[in-house]
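A short worksheet on the structure shown next.
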Amino acid sequence: MMSRSFCGRLLALLSFFGLAVSQNETSNNLQYVNQLIGSNNGGNVFVGATLPYGMAKAVADVDGDNQGGFATDGSNITGFSGLHDSGTGGNPSLGNFALFPYLACDGDTPDGCTYPKIARKTQYDNTSLKASPGYFAITLDSGITVDMTTAQHTALFRFTFPADSHVGNSSSPLILMDLTDLSDSRQDNGTINVDSGSGRITANARFLPSFGEGNYVVYTCADFQGSPIRDNGIFVSNRSSTEVKNFTISRSINGYPLPGGAFNRFESGSDPILARVGYSFISSDQACSNAESEIPSFDFNSTQTAAVNLWGQKVSPISVSTTGVNESFLTNFYSGIYRTMIQPQNYTGENPLWQSDEPYWDSFYCIWDLFRSQNPFLIVNDPAAVESQIRSLIDTYAHLGWLPDCRMSLSKGYTQGGSNADNILTDGYLKGLTGGINWDTAYSAVVQDAEVEPYDWCCEGRGGLDSWKALGYIPVQDFDYKGFGTLTRSISRTLEYSYNDFCISELANGLGGHQGDVEKYRGRSENWQNLFDSTQTSYNIYSNNTNTGFVGFFQPKFLNGTFGFQDPLKCSNIDTNPNDICSLQNTGPETFESSIWEYSFFVPHDMASLITYLGGPSAFVRRLDYLHDNNITYIGNEPAFLTVYQYHYAGRPAKSALRSHFYIPAFFQPTEGGLPGNDDSGTLGAFVAFSMMGLVPNPGQNVYLIIPPYFESVSIKSPSTGRTATIRNVNFDPTYKNVYIQSATLNGEPYTKNWIDHSFFTEGKTLVLTLGATESSWGTHVADLPPSLSPYSGGNSTNSTNEKVLSPRWRSTFSGQGLADPAMGLDMALVPEKNVQ
Ligand SMILES: *[C@@H]1O[C@H](CO)[C@@H](O)[C@H](O)[C@H]1NC(C)=O
Ligand SMILES: *[C@@H]1O[C@H](CO)[C@@H](O)[C@H](O)[C@H]1NC(C)=O
Ligand SMILES: *[C@@H]1O[C@H](CO)[C@@H](O)[C@H](O)[C@H]1NC(C)=O
Ligand SMILES: *[C@@H]1O[C@H](CO)[C@@H](O)[C@H](O)[C@H]1NC(C)=O
Ligand SMILES: *[C@@H]1O[C@H](CO)[C@@H](O)[C@H](O)[C@H]1NC(C)=O
Ligand SMILES: *[C@@H]1O[C@H](CO)[C@@H](O)[C@H](O)[C@H]1NC(C)=O
Ligand SMILES: *[C@@H]1O[C@H](CO)[C@@H](O)[C@H](O)[C@H]1NC(C)=O
Ligand SMILES: *[C@@H]1O[C@H](CO)[C@@H](O)[C@H](O)[C@H]1NC(C)=O
Ligand SMILES: *[C@@H]1O[C@H](CO)[C@@H](O)[C@H](O)[C@H]1NC(C)=O
Ligand SMILES: *[C@@H]1O[C@H](CO)[C@@H](O)[C@H](O)[C@H]1NC(C)=O
Ligand SMILES: *[C@@H]1O[C@H](CO)[C@@H](O)[C@H](O)[C@H]1NC(C)=O
Ligand SMILES: *[C@@H]1O[C@H](CO)[C@@H](O)[C@H](O)[C@H]1NC(C)=O
């Protein structure tokens, strides 16, 4: 498939003729972007034309896996539309106001064309598919080529008609605009108008968000150029009229979405016909003015060139040495980086919900996913964008009352676990983001998440806060009469709330003036301990009941303090029970989209204590090995990310490098079907980019775990300070046998810590890693380990004699009702005892 960018080809051509190419690193990196990665097999990536964070996203829409509009799954094209989301699961988003072209209508009458998308859909010529930054093109079976590019709020579609159609009366192309969207969610009163003279089509309709509550209204304004208008009108179902120029349509008939829209017929298809389509969430007038100001003269070339230049800048901060590495690694790396900037989308100026001078961003889809890699990656690669995104999150809190956990199409998306915007805010604060962020308002927002339960916590805040404060965990079958939401996921919510509270304590600590809060939220951040059942075993009920050999797992706990039971392997990757439901369904389990086994490792802030709970460093490493070696974890979903690198905390950074070198090539291939799961905005892309850079964040903390980069060297020019940080591998081996760090220097001084902080990037430091073919003692000593809330008990995983038991830490500082209510049957002595082997 065509995947190289225009710039890449241009450069290749220039170098072929031996011309000196002025070193434009921007263009150099862009040549490796393959937009079609993740276009098949569930990646659900948006593969069309867009600017970085652009609102307009133009692509062909299909009737197959169309979450991102198009997929290379061989399904049929139903139209071409200009608003999309990327990498999501579930229902497709947006895809409103699709255009569809005909060479001519049967009998040379508009009624001879086919209008409903179910009937008009068509196959296309695979070899015609082209996708490069700011560009997408495809040729339909009819021979019509449709290519497209975009500005921020405007798409420019170019319809090129085949020569053999220019015979007699039949050369009178028709282009329709449909009031439909991808998921057929249009509500009542969609309205469209076509101007009989100019052919301008304006339309608006109300639609439903793809993973959230409420609805949204979107407006469009399309102008056409390339041939005089012959006639125009509207269509309803499969009948059309040139007499009627506008109408308002109902939602559906008997649940079947009623097709309706408008069309223009043109005098001739001998020249390409351009459709310039502006979008707005404010008004049709604004859709028109967006289009007029962004693409004033229908100039395809300059619109595309502007997009290429912008993308070139956005992928320029990170350069890598290409020495010895297969080009597919470069493609994987830069395509991953590209995908981190498709969304969130910059809707500044397009927010109808409140008046504000703050930026407005949409398609945080979802924060549960993107806090883990994408947001931290953007803090490295494009901190100004993250500053703007954070300001928008805070402004959303200021006007809607809550930080979102997921947001799309101006609507509140469903919360999957904790209030993970807390993690994003803290991550940004600790890494020095400023840019006009009001950190005091940010702090109010996260404290509200921790203290105030929303009446409906489907889509914001947290549920079960009374229990959280009184009992120190989210009980299974909680009693909660104050707020309402899906009473599942009590284990994963407890773990995520614990981490959210840790992040709040860090923010409180950094901001100063909140000393009581620092203690309070640190205390609550240890609530995870309350669900640890030190006696719980794990037999593989899905395969011969093999004893995994591990004892001590999180378990659901009732209000009365008694443990319930969930099999530790339920909802793992090896759960073969087809009846197990693992997502947001109200019959779902106590762990969200994964198993207790995997969630056992989700204590990102207190790994020292967790390691002690799990039996010390050796036992911890054995357990991580078991998780990975037995396919219990699935790398295509975000909770797996950190487990690849958590060996660092047990003093075995070499094992993290080995795992990384297993997962990246095996599961993240630079091919259409090459992503192991939904990209979820660009979280998989960011995971690949960080892994290959050799610095992997523990998100929410000022910590990057070090492994050898996949390239001989990587340099990162900080967009905020202009300084360049460099990581260099000595004894670099592109076959990746030498993935063991023997020694390191930082700015020329010996460096033994197996992690580094964000000043590496902003101050432009140099990290030199000397590699070898065997595991060394580098980064293995307690002093080398990443920060942890509790102190490490000492030693490393190869020294089993020093696995001391840390005394269990029970905080008595919980505030709130019911602290020691005997009626609750609470036993404050129910402190989990660590199980020593
Ligand atoms: C077109 O591509 C799809 C998906 O990649 C594939 O299923 C189909 O076989 C291809 N058809 C041709 C003719 O190559
Ligand atoms: C394309 O549409 C045809 C006609 O409706 C249908 O038979 C076929 O299954 C569709 N192809 C795919 C891949 O959905
Ligand atoms: C559609 O318009 C009619 C007439 O103006 C109005 O009564 C009705 O409430 C509208 N429906 C919706 C869903 O806005
Ligand atoms: C709808 O069409 C009629 C007839 O062409 C025209 O008079 C009227 O102004 C149009 N309405 C709108 C909202 O453009
Ligand atoms: C734009 O036009 C120039 C001059 O004709 C041409 O060299 C360039 O390749 C075009 N750019 C694109 C993106 O097509
Ligand atoms: C290099 O790329 C930048 C950013 O896209 C662009 O503005 C500039 O014109 C390019 N310079 C050259 C020499 O091509
Ligand atoms: C977001 O969009 C606004 C309005 O188009 C623009 O002024 C601003 O620079 C954009 N911000 C970023 C970070 O791209
Ligand atoms: C399960 O037991 C059966 C019968 O003893 C054996 O054939 C099979 O290989 C075992 N499977 C596993 C995964 O151990
Ligand atoms: C605690 O509550 C659970 C669920 O109602 C019940 O099964 C269990 O027996 C109770 N334990 C005690 C000690 O009362
Ligand atoms: C894990 O899954 C892979 C394929 O995804 C398979 O090759 C391997 O045998 C599995 N390992 C185990 C221990 O089941
Ligand atoms: C960790 O184990 C290695 C190998 O036995 C040893 O060289 C190193 O000193 C140990 N570190 C600590 C902190 O015990
Ligand atoms: C192993 O741990 C013991 C007890 O903490 C300590 O005395 C000894 O020095 C350690 N051995 C190594 C190789 O670090």
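Counting convention: from 1, in listed order, for ligands and their atoms alike. Quick caveat: nothing in here was measured; it's all calculated off a predicted structure.
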> Is the shortest N/O to N/O distance between Q477 and ligand 9 below 3.5 Å?
Replying inline: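 No - when backbone and side-chain N and O of Q477 are compared with those of ligand 9, no distance drops under 3.5 Å.
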Could you pull out the N/O contacts under 3.5 angstrom between ligand 7 and the surrounding protein atoms?
residue  : atom   : partner : partner atom : Å
ligand 7 : 2 (O)  : N346    : OD1          : 3.1
ligand 7 : 2 (O)  : N346    : ND2          : 2.3
ligand 7 : 11 (N) : N346    : ND2          : 2.9
ligand 7 : 14 (O) : N346    : ND2          : 3.4

Kindly say whether [Y] contributes a backbone atom to a donor-acceptor pair with the side chain of [X] at under 3.5 angstrom?
X	Y	answer
Y497	Y473	no
Q374	G682	yes
E294	H153	yes

> Given the rule in the salt bridge (charged side-chain N to carboxylate O under 4.0 Å, His left out) test, do K117 and D178 qualify, once you have shown the distances and angles that lead to the verdict?
Replying inline: CA-CA 8 Å; K117 70 178 170 185; D178 196 334; over 6 Å; no
> Salt-bridged, D395 to R391, with N to O below 4.0 Å?
Replying inline: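 So D395 does not pair with R391 through a salt bridge.
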> Would you say C221 and C288 have SG atoms less than 2.5 angstrom apart?
Replying inline: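 Yes, disulfide present: SG-SG under 2.5 Å.
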> In terms of atom number and element, which parts of ligand 9 are under 4.0 angstrom from non-hydrogen atoms of T562?
Replying inline: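 It comes down to these atoms of ligand 9: 1 (C), 10 (C), 11 (N), 12 (C), 13 (C).
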>> Which label fits W528 and F554: parallel for a plane angle under 30°, tilted from 30 to 60°, or perpendicular past 60°?
In response: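 Perpendicular, since the angle between the ring planes exceeds 60°.
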